[in-house]
Every structure is written in C-alpha cells, then in structure tokens.
A.B. asks: 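The structure's right below; bear with me while I get my questions together.
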Amino acid sequence: MHMPEQLVIRPPSEAKSLLIRVIRGCDWNRCLFCGIYDLFGCAHSLRTLDEVKADIQALKALHGDCFETAFLGDANPLALPADFLVGILTTLRAQFPRLNRVTAYGRASSVWKKTREELAAIHTAGLDRLHVGMESGSDAVLRLQKKGTSQNQLIEAGARVKDSGMELSYYLLLGLGGQALWQEHVAGSVQVINAVKPHFVRVRRLWTHPASRLGEKIAAGEFIPQTPEGTIIELRDILKDLDAQDTTFTCDHANNYIQVHGRLNDQKTAMLSVIERFLALPDDMRRNHYESMPSVI
Ligand code: SF4
C-alpha cells in the first residue's frame, strides 16, 4: 500500500488537521534563527502533482473522510505554481468534502510574487488561510536574521492575502533582535501589524539550537540574546502600541513565558494587565518562572 509522506512541523493550531506534504523542506532555508529542516535532516525538493495526489488518495483510504481541517506543508507551498496548488486543492476538496478549513505555510516573498489573480484562484480552489512567518517588522532585524523579506514586502504581501479572501496568520518572534535591536524589533513589528491588521498574530519566543546558524553567532559573541524579562517587555511594548481592530492576538505556543490571548483592540487592556501583574511579582518569583519554562521549538 502507498504510504503518504509526513510533515516535519505544523502550527499548533493545526494539531487535529489532516497533514499533506506538497513540497519537502524549505526552499529558502537561510534564516539564521531557524535550521529546523537541517536539524531533522530534511533537504528541500519538489514533489510531482501525481505523488501528492497519490498521498491524498492514501490518506483517504487510511482515515476515511473524518477530518474537518487540513494543512499543507512543508515550509512554503506558496513557492509552487498556482495551477499546481489549484490541482492539489481541487483533489483534496473532492476526496475530503467535510473539510471546512484548509491552510498552508507561505513565505511573504512567495506570496508577493503571486499575482492577485493567482492568489484569488488558490483561494477559490479551497485554501482558506495562510500561516506566514513575519517574525519581525524591522528591516534591520529581518536583514540580520536573513529572513529574505522586508517591512514593505510584509505589508504588501499581507494586504494581498487579505484581498484574495484568505485569512492571514502572521507569526511574531520575541527576542529576534537580541539585546542590540530589540527596540527596532518592537517598533517595526507594530508598524507591520497596524498596517496589515492580519486576522491572527501568533507569538513565539526565540529558541536557539546550539548547532543552528544563530547558535554559532551566539557562541562567537556576535548576537547577544534577549533576556527572559526582555522578551516580556517586548511583548508588552508591542501590544501597547497595536491598533489592529479585530485581529486575534495569541501566544499559542508552549515556549512563551506569558500566554495572553484576546481580540484587538477590545481585549488589549485586559491582556496588558496580565503582563503588568506578572512584572509586578517579586524578583525571585519571576526568576523561578523563567527557569521553570522549557525551551522548545
Ligand atoms: S523560518 Fe521558515 S523560511 Fe526561514 S528557513 Fe525556517 S522554514 Fe525556511
């Protein structure tokens, strides 16, 4: 029996989703802070449309039509031609008619290279939401981390996703500017989020594997990581300046020191209160909390 290929990672919000590998690894694979596909020994390569369709048939044979959501990986299915994605989505929707949400990872630069018509066709064929790694809105931080995008591109790509009718999740990485660029990181990220008003902002804390490209820079003293408390101050300062009505702001990953969740702008004050209450705790309690938190991808 044909066995479908597995994904390396998926967002936490896709924990119950049917997972479909439409491309292997990351076609960019240069972000200093990442290295996830290297750690798992997964090089980038393409799959044929027939291979992916065979996986979809096999998943149907294995599980039946029991999924309500599906997720396309690995890192950047949006690098694929629009007609390839339309072919996959059409097959997927035909085989799994109970799906009410299909999402994928996509790099901002790949979104930016698609025309408005292509993005609309992808959405019409069945892609409902894109998970995009914004990480930072600061050009200095994006350059430093070799993210391969810019503040302008994040704003333009984000607007195009929303115009196409798809939902947009932007991922924000606290601590990405280190101690040298944290204020630029805060200011630039606020600018992008306020300009785009994505449907979701999903917050993570920088976690650096010692063998990653950034880990080597830390070892060489070229990047000074943000302190635990510094990441919480970044979270507070970003949230404080956000004006993004109807954006869902969520720390939906286990590695955040503080988890706040809410809808902007209505629940901003409540989220800020959670952060301020934590920062008002005695020093030893805060320190114990930081030390008790796992460092996880
Ligand atoms: S963060 Fe995303 S785009 Fe950057 S190397 Fe990792 S998977 Fe690729």
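Read the numbers this way: they start at 1 and go in the same order the structure lists the ligands and their atoms. This one's a predicted model, so the numbers in the text were calculated from it and none came from an experiment. As a basis for the values below, the full set of heavy atoms in this structure was taken, side chains included, without hydrogen atoms, waters or symmetry mates.
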A.B. asks: Which residue supplies the protein heavy atom nearest to atom 7 (S) of ligand 1, what is that atom called, and how far is it?
C.D. replies: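 Scanning the protein heavy atoms, the shortest distance from atom 7 (S) of ligand 1 goes to Tyr37 CE1, 3.6 Å.
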A.B. asks: I need the Arg204 CZ to Cys251 SG distance, nearest 0.5 Å.
C.D. replies: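 The CZ atom of Arg204 sits 9.0 Å away from the SG atom of Cys251.
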A.B. asks: Measuring from Ile9:CD1 to Leu19:CG, what's the distance to the nearest 0.5 Å?
C.D. replies: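 Ile9 atom CD1 to Leu19 atom CG measures 11.5 Å (nearest 0.5 Å).
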A.B. asks: Could you check atom 5 (S) of ligand 1 against the protein and tell me its nearest heavy-atom contact, residue, atom and distance included?
C.D. replies: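 The closest one turns out to be Asn29 CA, 3.5 Å.
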A.B. asks: Can you tell me how far NZ of Lys147 sits from OG of Ser136, rounded to the nearest 0.5 angstrom?
C.D. replies: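 With rounding to 0.5 Å, OG (Ser136) is 10.5 Å from NZ (Lys147).
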A.B. asks: Taking the six-membered ring for Trp, are Tyr170 and Phe200 closer than 6.0 Å centroid to centroid?
C.D. replies: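 No, the ring of Tyr170 stays outside the 6.0 Å limit from the ring of Phe200, centre to centre.
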A.B. asks: Could you confirm whether Cys26 has any N/O/S atom lying under 2.8 Å from atom 8 (Fe) of ligand 1?
C.D. replies: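 Yes, Cys26 qualifies, because one of its backbone or side-chain N, O or S atoms lies under 2.8 Å.
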A.B. asks: For this output row, return yes or no: ring centroids of His131 and Phe71 closer than 6.0 angstrom.
C.D. replies: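 Yes - the distance between ring centres of His131 and Phe71 falls below the 6.0 Å cut-off.
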A.B. asks: Return yes if a side-chain donor-acceptor contact under 3.5 Å exists between His2 and Asp55, otherwise no.
C.D. replies: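 Looking only at side-chain atoms, Asp55 and His2 do form a donor-acceptor pair, the distance falling under 3.5 Å.
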A.B. asks: In the protein, what heavy atom is nearest to atom 3 (S) of ligand 1, and what distance, to one decimal place, separates them?
C.D. replies: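 The protein heavy atom lying closest is Arg107 NH1, 3.3 Å.
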A.B. asks: Could you list the atoms of ligand 1 found under 4.0 angstrom from a heavy atom of Phe33?
C.D. replies: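 Heavy-atom distances to Phe33 below 4.0 Å select 1 (S).
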A.B. asks: What distance separates Glu234 CD from Leu206 CG, expressed to the nearest 0.5 Å?
C.D. replies: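 Here the interatomic distance stands at 9.5 Å.
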A.B. asks: Report the nearest protein non-hydrogen atom to atom 6 (Fe) of ligand 1: residue, atom name, distance rounded to 0.1 Å.
C.D. replies: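 Of every protein heavy atom, Cys34 SG, 2.3 Å lies nearest to atom 6 (Fe) of ligand 1.
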A.B. asks: Among protein heavy atoms, which sits nearest to atom 2 (Fe) of ligand 1, and what does the distance come to when rounded to 0.1 Å?
C.D. replies: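 Here the closest protein heavy atom is Lys147 NZ, 4.0 Å.
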A.B. asks: Any idea which atoms of ligand 1 are less than 4.0 Å away from a heavy-atom of Ala75?
C.D. replies: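 Those of ligand 1 that fall under 4.0 Å from Ala75 are 7 (S).
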A.B. asks: Looking at ligand 1, would Tyr105 count as a contact under a 4.0 Å heavy-atom criterion?
C.D. replies: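 No heavy atom of Tyr105 comes that close to ligand 1.
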A.B. asks: Quick check on contacts: which atoms of ligand 1 are under 4.0 angstrom from a heavy atom of Cys31?
C.D. replies: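 Selected atoms, number and element: 1 (S), 3 (S), 4 (Fe), 5 (S).
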